[in-house]
2 protein chains.
Amino acid sequence: MTEVEAKKPQESLQDRLAQVIELLHRHKLVEGLTHRQEGQHQDLVESLVHRQNLAELQRKLDDLHPADIAHILEALPLDDRLTVWQLVKAERDGDILLEVSDAVRETLIADMDDHEILAAAKDLDADELADLAPELPRDVVHELMESLDAQQRERVRSALSYEEDQVGALMDFEMVTIREDVSLEVVLRYLRRLKELPGHTDKLFVVDYDGVLKGVLPIKRLLVNDPEKQVGEVMADDPVSFHPDEDGYDAAQAFERYDLISAPVVDKNGKLIGRLTIDEMVDLIREESESEVLSMAGLREEEDIFASVWKSVRNRWAWLAINLVTAFLASRVIGLFEGSIEKLVALAALMPIVAGIGGNSGNQTITMIVRAMALDQVSTGNTKRLLRKELGVSLINGILWGGVIGAVAYGLYGSWSLGVVMTAAMTLNLLLAALMGVLIPMTLARLGRDPAMGASVMITAMTDSGGFFIFLGLASIFLL
Amino acid sequence: MTEVEAKKPQESLQDRLAQVIELLHRHKLVEGLTHRQEGQHQDLVESLVHRQNLAELQRKLDDLHPADIAHILEALPLDDRLTVWQLVKAERDGDILLEVSDAVRETLIADMDDHEILAAAKDLDADELADLAPELPRDVVHELMESLDAQQRERVRSALSYEEDQVGALMDFEMVTIREDVSLEVVLRYLRRLKELPGHTDKLFVVDYDGVLKGVLPIKRLLVNDPEKQVGEVMADDPVSFHPDEDGYDAAQAFERYDLISAPVVDKNGKLIGRLTIDEMVDLIREESESEVLSMAGLREEEDIFASVWKSVRNRWAWLAINLVTAFLASRVIGLFEGSIEKLVALAALMPIVAGIGGNSGNQTITMIVRAMALDQVSTGNTKRLLRKELGVSLINGILWGGVIGAVAYGLYGSWSLGVVMTAAMTLNLLLAALMGVLIPMTLARLGRDPAMGASVMITAMTDSGGFFIFLGLASIFLL
């Protein structure tokens, strides 16, 4: 990526987005007029205004940082998005493609021909190419690989050989390496000859003649120490480093904990093969928490907010179908007690309260546990203690709120035994919610699954069926 | 904060946590034995073993980075947490307090006397003191302020005058400033005299004699340019900067977009008053997404996973109470149709399906919208277009899944008209879910509230009451 020094934006991003939309609308308005009017003269005027609007929009876009353009593209519906995309200078396409979300990237690439894609990709680094490659047409990737030198090609291949969220796929190759037996003065002169340093260079990597990492020289130390000193005296010789097959999210947590800016990646022989930088890690932290939120709600993946209806339907399909099955089961539970309901129709009106409160309480518990698991604060070993606490919370809430709603039921239907059954059922269903809220994510984790996966759908299924069964069961025994 | 060069941990954090727990358990076991046995000799032996275990634990802790100890403290139940906390060397207390979550920090401070707190806080910087101050006893804060020099005291006061998530409360004061009319050579010599540079120094701040920010000199440029050049020639003169009253989360998004490591904070006259660093921003990004997840589920704030039952009850109280009211309303809706249910008891069994699928689908929509709003991708101006898309998705899902469940209802109860009513009710309730899933967060945002606030509880309330009303209403009209 060519580096752009970010300048202080004159307006907030929201304002700039609003301006782009405004210009787009003016452009469309004029386009509409041109189509409707036939007169030669008007045509000419309109098309002039039209061109002026586009030119103004283009100037606006040229001033923006690639990340800002990416943001604007994500916030625009498809037709506007493509209008803007066509106005962006070709040489910036690559940088912008790297910044947009996967869902939006797909729509942009679909709009480009092979020639444009090749032009956009030719200035990218090996790690950036590897990021884009899976979404590019096969023959374009082939052509791109041909154009690389052997080392670059090897790097792209290596990056592609790792899973998307492994360190090996996240690292870049822009390391500045030095030897330990030279003086800082020599290092300073060497850097000056480089003319430019890679982004996020807060440390230099010290390697021996075989490329094995011996330590790192933080730039801070390079600057404050006597230039006569040797690198070996000043360097940190036991730095935090990563292996390419480590989980990227673990690395991101280490970056967060140890306040790292960059860190070396070494192979199993200790040879330096790449580096991780904080910007990739920040993206990962954000993506991880996003995917947690989405998967709890039963969405398969990040959705382009302006995706087509069909795409959205497919994204939400799976968990809705599962929900259909669980809702059907809950309905069958009620079906078991149709006789009771016929005798005492109040049961039909009261049963959703028991189920609903259980669902809400269970969602609170499961959200807590999933979060704590994502932060590595709890493991399957803590199960018992957490269960005790959550059951305690449920017992209090059940007796308290169950008591309130029991009193209300008594007031409405004038039956104190109905009130008692209501209180008992609420308490029992809240206990069930606590039990399941702890056990579902713990069990998913033990099975090696994502503990957040459809958590909300599953806990609601449990508390619905469970709530109906408990309430109608107790009512059938004690009231009829 | 004293800076600690992070070393490559020998084991994963999970392993280290497991080791600490193991040592704690051995310690407790021995303690238990000592209490039970009376013999003089045994006592001596046990207490020796006991002391050995604690010594081993202490050695282990001394090796760990403050951030790792913070993590371990967060993952331990209260009694174990305090045992470990007492073993930590007093001079590290301050650093660790800064790293733990608010909820856990409270438990640690409650365990310290004023003298210990003063000792822990005395080495902290002004911005760090301001972070801790709100949670410390009043007279301790007073005593701490007394011990500071005038500039430091002023800085603490200034930091405390901003809201928790404003830039003014997040910035630190560790800026290295230079003048623009000196050569890079002079700057290099100046840095060498400083002996140590603040963490995250990727740029120096160029100010004039009044302290007004003129530009920034990235360390990268300092290193690669000819030392004879003047700072003014090499610096970036229009850097991204922030104001102290800006929203911290907006700043964090700018850090993410422009890949910043540090950035200057200036007052309204352009005077440099502090700096933001990426580590604070990463914490903010994580906290923001956490609070989004929690507030969607109706949890008031981050909860110490091992908090007392009472504390947890209070944290979850508010939304459970609201849920109770909404569940009661849903129950009253059913109450309106008790006559219909008495005539056709199948309605009681089928109605939760309509409500449940609506709730799930509504949660998917609201999760999408809340996320997109947090990322500034949608504004209240997009409402119409998003509504159209979500209604489209719902229509398809309603006809499709509603058709399936209508067929099942026909199969179960042998009434085709019941099946048709079921399909129609499902479709209408899914449309309602889409409508509310878009309108609830948009309306909250328009009212200046957090769009995620209790989103899940509110959408479920709508789809429950709405679902019952639609289904039972249609059934009463067409089936009875």
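In the text below, chain A, chain B and the rest are named by the order of the sequence lines, each starting its count at 1. Predicted model only: the values in this text are computed from it and were never measured.
In this structure, the portions of Ser361(B) lying under 4.5 Å from any heavy atom of chain A include both its backbone and its side chain. Of the two parts of Ile405(A), only the side chain, counted from C-beta on, holds a non-hydrogen atom closer than 4.5 Å to a non-hydrogen atom of chain B. Within the 4.5 angstrom heavy-atom criterion, atoms from both the backbone and the side chain of Thr365(B) approach chain A. Proximity to chain A involves both the backbone and the side chain of Ile357(B), based on heavy atoms less than 4.5 angstrom apart. Residue Ala321(A) touches chain B through both its backbone and its side chain, counting heavy-atom pairs closer than 4.5 Å. The part of Val404(A) that comes within reach of chain B is its side chain, from C-beta onward, which places non-hydrogen atoms under 4.5 angstrom from that chain. Contacts of Asp250(B) with chain A are absent, with no heavy-atom separation under 4.5 Å from either backbone or side chain. For Ile261(A), the part lying under 4.5 angstrom from a heavy atom of chain B is the side chain only. For chain A, the nearby parts of Leu223(B) are the backbone and the side chain; heavy atoms of each come within less than 4.5 Å. When heavy atoms are compared at a cutoff of 4.5 Å, Met351(B) approaches chain A solely by way of its side chain, counted from C-beta outward. Residue contact with chain B, scored on non-hydrogen atoms closer than 4.5 Å, involves the side chain of Val408(A) exclusively. Only the side chain of Glu390(B) comes within contact range of chain A, with at least one heavy atom under 4.5 Å from a heavy atom of that chain. In this structure, the portions of Asn323(B) lying under 4.5 Å from any heavy atom of chain A include both its backbone and its side chain. Heavy-atom distances place the backbone of Lys195(B), and not its side chain, under 4.5 Å from chain A. Within the 4.5 angstrom heavy-atom criterion, no atom of Leu76(A) approaches chain B. At a 4.5 Å heavy-atom cutoff, the contact between Arg332(A) and chain B is made by side-chain atoms alone. For Phe468(B), the part sitting under 4.5 Å from any heavy atom of chain A is the side chain, from C-beta outward, and nothing else. Using a 4.5 Å cut-off between heavy atoms, Leu191(A) touches chain B through backbone and side chain atoms alike. Neither the backbone nor the side chain of Leu395(B) comes within contact range of chain A; no heavy atom of the residue lies under 4.5 Å from a heavy atom of that chain.
Side chain of Thr201(B) to backbone of Leu197(B): no donor-acceptor contact under 3.5 angstrom is found.
The heavy-atom pair separating Ala349(A) from Gly335(B) by the smallest distance is CB-N, 4.1 Å.
Contact check on Arg192(B) versus Asp226(A) returns no salt bridge, with no Lys/Arg side-chain nitrogen under 4.0 Å from an Asp/Glu carboxylate oxygen.
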